[in-house]
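First up is the structure itself, then whatever we jot down about it.
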Amino acid sequence: MKLVTCFLLSALALLAQQPQANQPPTPPETKPEDLCTIEGQVTNAATGAPVRKAEINLRGTERATAGTMPASYTAAADAGGKFTIKDIEPGKYRLSVQHSGFVNLQYGARGPNRPGTTLSLGASQRMKDLSLRLAPQAVITGRIVDDKNEPVASASVRTMRYSYQMGKRQLLPTGSAVTNDLGEYRIHSLAPGRYYLVARENTDNWEATVDASANPAPEGYVTTYYPGSVDPTTAALIEVGPGVQLRGVNITLAKARTFRVRGRVEGRHDANVSFYPRGQARWLSIDGRDHTTDQKGNFEIDDVLPGTYTLSATAWADQKTLSARQEVDVGEDNVDNIIFVLGSGSELSGRVAVESGSAPSLDSVGVLLRPQEQTGIMYGSLSGQVHDGAFTISDVASGIYHLQVMGRPDGYWVKSIRMGDQDVKTAGIDLTRGPGDPLTVILAPNAGQIDGAVMNERQQAAAGSTVVLVPEPKLREYQDAFKTTVSDQNGRFSLKNLEPGDYKLFAWEDVEYGAYMDPDFLRPWEDRGQSISVQEGSHESVQLNVIPADSAPGAQKDK
């Protein structure tokens with residue numbers, strides 16, 4: 001394996017030393033008469049009144065050249081809610097608007113967590129009469145009390161709704177608040193819709209303590225869903241309209257038999273300990289806890305319901321992250337004597353090279369480690385920049401990762417990622433047992449491209465449709481294999497820099513981001529996808545029939 005690695009690295013070193021003469025050409029300066037203009041008005045969706053001083057942002061979706069940022073333009077609405085953005089470079093853009101007291105909006109979006117319509121601007125184009133209708137934010141207020149009707153101060157309160165995360169449909173937070181000394185909370189900036197409301201007593205402990213009671217309480221306050229359920233499947237939905245201020249939405253925290261998790265971090269009195277349900281992202285879970293160890297490294301987590309959890313400990317020393325993680329099962333008894341021995345992160349190094357031909361500049365290329373399971377708190381580094389074909393990512397926490405190659409030259413795709421003699425492009429980079437061999441990333445030219453149009457059932461252009469390129473079944477657990485875009489105001493779309501392979505192409509009028517990565521969501525629509533094979537250097541042209549919003553299961557469901 002070492003011989004193979006040395007051979008590959010030697011070959012790549014020679015490639016990296018080739019003159020990088022193929023610098024991306026500087027685009028010609030646009031003639032003044034070819035610049036574009038957008039005009040429109042921002043109004044209150046509930047009253048129709050103009051919204052003055054609304055902030056409008058026009059952001060490009062494509063880079064002019066590798067290593068550059070997409071163009072961006074801003075404007076403010078006048079007293080009549082009207083705005084004009086001038087001197088826009090031709091290209092593709094997304095238009096958004098925001099104002100305090102209103103829900104942020106993307107032009108053409110059909111709801112929260114939905115993309116806006118792409119705006120394609122040709123030379124000298126002038127778009128007029130764009131209508132941006134801002135929905136006034138909704139507000140929910142109430143009190144959190146205990147079983148004796150006493151106010152619970154510093155309780156965590158969240159609104160939640162079902163969304164997709166990592167290809168799974170789950171309850172995710174949309175708004176949050178912390179109660180005051182009277183147990184009162186206020187959650188604002190809510191989009192119109194239906195929400196679950198959930199509250200939890202704040203048991204995070206940043207001042208290390210251990211319960212020394214002779215007889216700890218057998219019951220504790222647990223996470224409670226409105227109106228008083230500990231089970232989210234039996235919770236009630238709360239519906240709010242534009243600008244509605246819903247008052248008196250109170251929760252009495254429920255009590256249940258709970259248990260204690262206790263342990264020690266060896267040699268550390270300043271470690272942070274995080275505890276959260278297994279399979280949930282710590283930063284999204286209302287049931288997560290954070291604690292600090294005491295002077296002897298001890299920690300204790302109380303009021304834990306039976307279940308499966310992840311427990312992680314972290315500290316910092318000599319500008320490095322020390323961490324460890326364990327899985328914990330809580331049954332019908334306390335869990336004691338958990339011992340953590342912290343270890344430092346790994347260093348991951350590698351090279352990026354081009355498969356054949358004269359190499360383009362790789363100065364704009366960066367690499368990003370994406371955890372295979374984005375459930376815990378990630379410490380240490382996750383990204384690095386390529387310099388002279390090489391990169392190093394230091395202090396990477398133990399885990400399994402996928403490597404994303406960002407800022408690739410136009411027309412290139414990632415052909416392979418190897419760690420020694422192992423193909424890790426889709427399998428993942430396993431750093432659970434410490435550092436691995438250097439990575440070898442090969443970029444290949446002649447990426448594929450798909451251009452097309454989306455039509456509705458009346459054979460009219462379907463603007464703002466979500467177009468998804470879904471890989472063959474064996475690659476569907478690999479998120480980076482999915483490619484998405486949104487059709488423009490003329491129903492046109494383009495997918496570039498595609499890896500050769502077999503795909504299915506879908507177009508939805510309204511679909512939540514990430515839903516198509518869920519096998520259960522995608523299964524009923526397999527026969528609506530258009531099969532397409534992308535070859536090296538191929539440029540395909542297709543026409544898609546949009547899947548109407550009212551026929552897509554789960555697109556608007558709350559449960």
Side-chain angles (χ1 to χ4, degrees), residues 8-9 12-13 15-27 59-72 94 166 319-321 345-355 357-372 374 378-397 399-419 423-431 435-447 478-485 495-499:
L8 284 172
L9 290 176
L12 291 176
L15 282 172
Q17 291 170 9
Q18 293 178 2
Q20 296 191 356
N22 287 359
Q23 298 289 338
T26 302
R59 185 174 297 275
T61 63
E62 299 175 334
R63 298 173 300 170
T65 60
T68 62
M69 294 296 293
S72 180
R94 294 275 178 84
M166 300 291 291
Q319 298 183 336
K320 288 189 176 182
T321 305
S346 302
E347 180 175 277
L348 186 65
S349 62
R351 296 194 66 84
V352 179
V354 174
E355 180 182 48
S358 57
S361 171
L362 300 178
D363 291 345
S364 64
V365 174
V367 291
L368 175 68
L369 288 175
R370 181 174 55 77
Q372 182 168 281
Q374 294 183 354
M378 301 310 304
Y379 298 99
S381 300
L382 289 176
S383 63
Q385 190 69 30
V386 175
H387 297 289
D388 296 326
F391 65 87
T392 299
I393 306 176
S394 302
D395 197 21
V396 182
I400 299 176
Y401 299 86
H402 289 284
L403 187 75
Q404 291 180 289
V405 183
M406 320 295 289
R408 302 190 307 272
D410 196 40
Y412 283 76
W413 57 283
V414 180
K415 186 169 186 177
S416 66
I417 303 175
R418 304 190 71 83
M419 175 178 276
D423 183 356
V424 296
K425 180 179 174 181
T426 57
I429 302 165
D430 189 347
L431 298 179
D437 291 330
L439 293 176
T440 301
V441 180
I442 301 295
L443 303 183
N446 300 319
Y478 179 51
Q479 289 188 49
D480 297 336
F482 290 79
K483 307 298 179 185
T484 65
T485 190
L495 291 163
K496 299 180 179 180
N497 301 330
L498 301 177
E499 177 177 342

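A quick note: this is a predicted structure, and the numbers were derived from the prediction, not measured. Computation of the quantities below employed the complete heavy-atom set of this structure, encompassing side-chain atoms and omitting hydrogens, waters and symmetry-equivalent molecules.
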Keeping the roles fixed (side chain from Thr485, backbone from Leu495), state whether a donor-acceptor pair exists under 3.5 Å.
-> no

Do side-chain atoms of Asp423 reach the backbone of Arg418 as a donor and acceptor pair under 3.5 angstrom?
-> no

Of all residues at least two apart in sequence or in a different chain, which pass the side chain to side chain contact (heavy atoms under 4.5 Å, CB included) check with Thr484?
-> Val468, Tyr516

Got a sec, which residues hit side-chain hydrogen bond (donor to acceptor under 3.5 Å, both in side chains) with Gln385, two or more places apart in sequence or on another chain?
-> none

So, do Tyr401 and Val396 sit near enough that their side-chain heavy atoms are less than 4.5 Å apart?
-> yes

Spacing of Ile393 atom CD1 and Leu369 atom CG [to the nearest 0.5 Å] | 4.0 Å

Shortest non-hydrogen contact between Met419 and Asp437, atoms and distance | CG-O, 3.3 Å

Looking only at heavy atoms, the pair that brings Gln372 and Ala427 closest together is OE1-O, 3.7 Å

Between CG on residue Asp395 and OG1 on residue Thr321, distance to nearest 0.5 Å | 4.0 Å

Distance, nearest 0.5 Å, that separates CZ of Arg94 from CZ of Arg59 | 12.0 Å

In chain order, what residues pass the salt bridge (charged side-chain N to carboxylate O under 4.0 Å, His left out) check against Lys483, with sequence neighbours excluded?
-> none

In Å and rounded to the nearest 0.5 Å, what is the CG to NZ distance from Leu443 to Lys415?
-> 11.5 Å

Heavy atoms of Gly411 and Asn497 approach each other most closely as N-OD1, 2.6 Å

pair Leu348-Leu439: side-chain heavy atoms closer than 4.5 Å = yes

In chain order, what residues pass the salt bridge (charged side-chain N to carboxylate O under 4.0 Å, His left out) check against Lys496, with sequence neighbours excluded?
-> Glu62

Shortest non-hydrogen contact from Gly60 toward Pro70 = O-CB, 3.2 Å

Looking at NZ of Lys320 and CD of Glu347, how far apart are the two atoms once the value is rounded to the nearest 0.5 Å?
-> 8.0 Å

Shortest non-hydrogen contact between Pro409 and Pro360, atoms and distance = CG-CG, 3.8 Å

Which residues pass the side chain to side chain contact (heavy atoms under 4.5 Å, CB included) test with Ala390, sequence neighbours left out?
-> Arg351

With Asn446, which residues qualify under side-chain hydrogen bond (donor to acceptor under 3.5 Å, both in side chains), at least two apart?
-> none

For residues His402 and Lys425, report the shortest heavy-atom separation together with the two atoms involved.
-> ND1-O, 3.7 Å

At what distance, to the nearest 0.5 angstrom, does NE2 of His387 lie from CG of Leu362?
-> 12.0 Å

